[in-house]
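Because the structure is a prediction, the values reported are computed rather than measured.
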Amino acid sequence: MTDQLPFKSLSGKYDKGHAHLSIYPGVGGEDAKDWANMLLNMYAKYAQKRGWKVALIDDRAIDIRGEYAYGTLRRETGVHRLVRISPFDSKQLRHTSFALVEVLPELPELDARNLVIPPEDLKVELSRSSGPGGQNVNKRETAVRVVHIPTGIAAASQAERGQSQNKEKALSLLKAKLFKVMEERKEREVKNLRTQVKPEWGQQIRSYVLHPYQQVKDHRTNTVSHQPDKVLGGDLEKFIEAELDWDKES
């Protein structure tokens, strides 16, 4: 990719670093789960087009490693809405699905150490990894999910081979989530945090309509594409650049 985004506008504390991207299905049942997978593939393809490295962390989360990955993608956080003829409906009816995109920075080690979470505020859940085949899968409980009890915020990892490594990764992601909420809410104490927006009607930042017409529209910048197949194939430059301009003006 030859065109470069206006990095001079990316001046946030963590903008230059790597990103962790998660997708959470919302209202819509099987359609919403499928929509979450479609979004994850879209961002993975976008990252690969930019020459960034993509690593699968669990079923709906990826690490994106590349310069300015977080600053470029952080405005993608929010609810994304899909309208299409459902492939899961025998009557071929039109369905609306929602998914929440969450983009987090990779925290420097010093910042991560500064956030100390009392052990009694954490719940650790173990399960068997469910990734692609391999001798490590379905034999030991290596997948780890860590829940911050006061807020309900959770993070998981099954990408590593060992339980301790997955626990360390999940805890690191949890701290990144708490840091982000603390910055957004300008709260100083973890006990005051609250969970974020739910993926449902009225909260969407972008709509992807595949039927009865073809359109992707960002509701913040009014950016429109009439080629949703290309957008879902990772062609996000138009939307990303508009977000950067919108962010500078807001």
Are P25 and R60 packed together at the side-chain level, in the sense that at least one heavy-atom pair is separated by less than 4.5 angstrom? yes
Linked, directly or transitively: L115 and L171 (ILVMFWY side chains, under 4.5 Å): yes
In short, W52 meets I64 closest at the heavy-atom pair CE3-CG2, 3.6 Å
One pair to check against side chain to side chain contact (heavy atoms under 4.5 Å, CB included): F179 and K13. What are the steps and the verdict? CA-CA 12 Å; F179 258 104; K13 184 175 181 181; 5.8 Å; no
Going only through I, L, V, M, F, W and Y residues with side-chain contacts under 4.5 Å, is there a path from I85 to V231? no
Could you report the tightest heavy-atom contact between L39 and A99, atom names first, then the distance? CD1-CB, 3.7 Å
If you group Ile, Leu, Val, Met, Phe, Trp and Tyr by side-chain heavy-atom gaps below 4.5 Å, do Y68 and L107 land in one group? yes
L10 and L244: side chain to side chain contact (heavy atoms under 4.5 Å, CB included), yes or no, with the steps? CA-CA 8 Å; L10 301 177; L244 290 170; 3.2 Å; yes
Qualifying salt bridge (charged side-chain N to carboxylate O under 4.0 Å, His left out) pairs, either residue in residues 88-98, two or more places apart: none
Look at the side-chain heavy atoms of Ile, Leu, Val, Met, Phe, Trp and Tyr, link any pair under 4.5 Å apart, and say whether Y43 and I240 land in one connected group. yes
Compare all side-chain heavy atoms of V54 with those of K45 and state whether any distance is below 4.5 angstrom. no
Taking side chain to side chain contact (heavy atoms under 4.5 Å, CB included) as the definition, give me every residue that meets it alongside K169, ordered by chain and number, with sequence neighbours left out. I57, D63, S157, L173
May I ask you to test the D121-T151 pair for a side-chain heavy-atom distance under 4.5 Å? no
Does a side-chain heavy-atom distance below 4.5 Å link D31 with R84? yes
Please walk me through it: do H95 and S97 pass side-chain hydrogen bond (donor to acceptor under 3.5 Å, both in side chains)? CA-CA 7 Å; H95 282 239; S97 307; over 6 Å; no
Could you tell me whether E102 and K177 have a side-chain N and a carboxylate O separated by less than 4.0 Å? yes
Donor-acceptor under 3.5 Å (N41 side chain, N37 main chain): yes
Atom pair NZ (K238) and OG (S225), whose distance is rounded to the nearest 0.5 Å: 5.5 Å
Note, E106 side chain near Y14 side chain (heavy atom, < 4.5 Å): no
Run through the side-chain heavy atoms of Ile, Leu, Val, Met, Phe, Trp and Tyr, join any pair under 4.5 Å, and report what else lands in L104's cluster. none
Surrounding CD of E168 (heavy atoms of other residues, nucleotides or ligands, distance under 6.0 Å), is the total greater than 12? no
Of all heavy-atom pairs linking W35 and F98, the shortest is CD1-C, 3.7 Å
What is the distance from atom NZ of K175 to atom CD1 of I117, rounded to the nearest 0.5 Å? 6.0 Å
Please enumerate all residues that pass salt bridge (charged side-chain N to carboxylate O under 4.0 Å, His left out) together with K167, with sequence neighbours excluded. none
Tell me, do V83 and L210 make a side-chain contact under 4.5 Å, heavy atoms counted? no
Interatomic distance, CG@D58 vs CD1@I62, rounded to 0.5 Å, equals 10.5 Å
Heavy atoms of A242 and T223 approach each other most closely as CB-OG1, 3.1 Å
Taking every non-hydrogen atom, the tightest pair across M38 and L82: SD-CD2, 4.3 Å
Do K16 and E67 come within less than 4.5 Å of each other through their side chains, counting heavy atoms only? yes
Does the side chain of R81 reach to within under 4.5 Å of the side chain of T96, using non-hydrogen atoms? yes
Nearest non-hydrogen partners of V103 and T77, listed with the distance: N-OG1, 3.1 Å
Once rounded to the nearest 0.5 Å, what's the spacing between atom CZ of R220 and atom CZ of F239? 10.0 Å
What is the distance from atom CG of L100 to atom NE2 of H80, rounded to the nearest 0.5 Å? 8.0 Å
Atom CZ in R145, atom CD in Q158: separation rounded to 0.5 Å? 12.5 Å
Which Ile, Leu, Val, Met, Phe, Trp or Tyr residues join I205 in one cluster when any pair of side-chain heavy atoms under 4.5 Å counts as a link? none
Residue pairs passing the salt bridge (charged side-chain N to carboxylate O under 4.0 Å, His left out) test where at least one lies in residues 203-217, sequence neighbours excluded: E76-R206, R206-D218, R206-E243
V79 with V209, same ILVMFWY side-chain cluster at under 4.5 Å: no
Start with the C-alpha distance between V224 and Q215, add both sets of side-chain angles, then the distance that settles side chain to side chain contact (heavy atoms under 4.5 Å, CB included), and finish with yes or no. CA-CA 7 Å; V224 173; Q215 178 179 285; 3.7 Å; yes
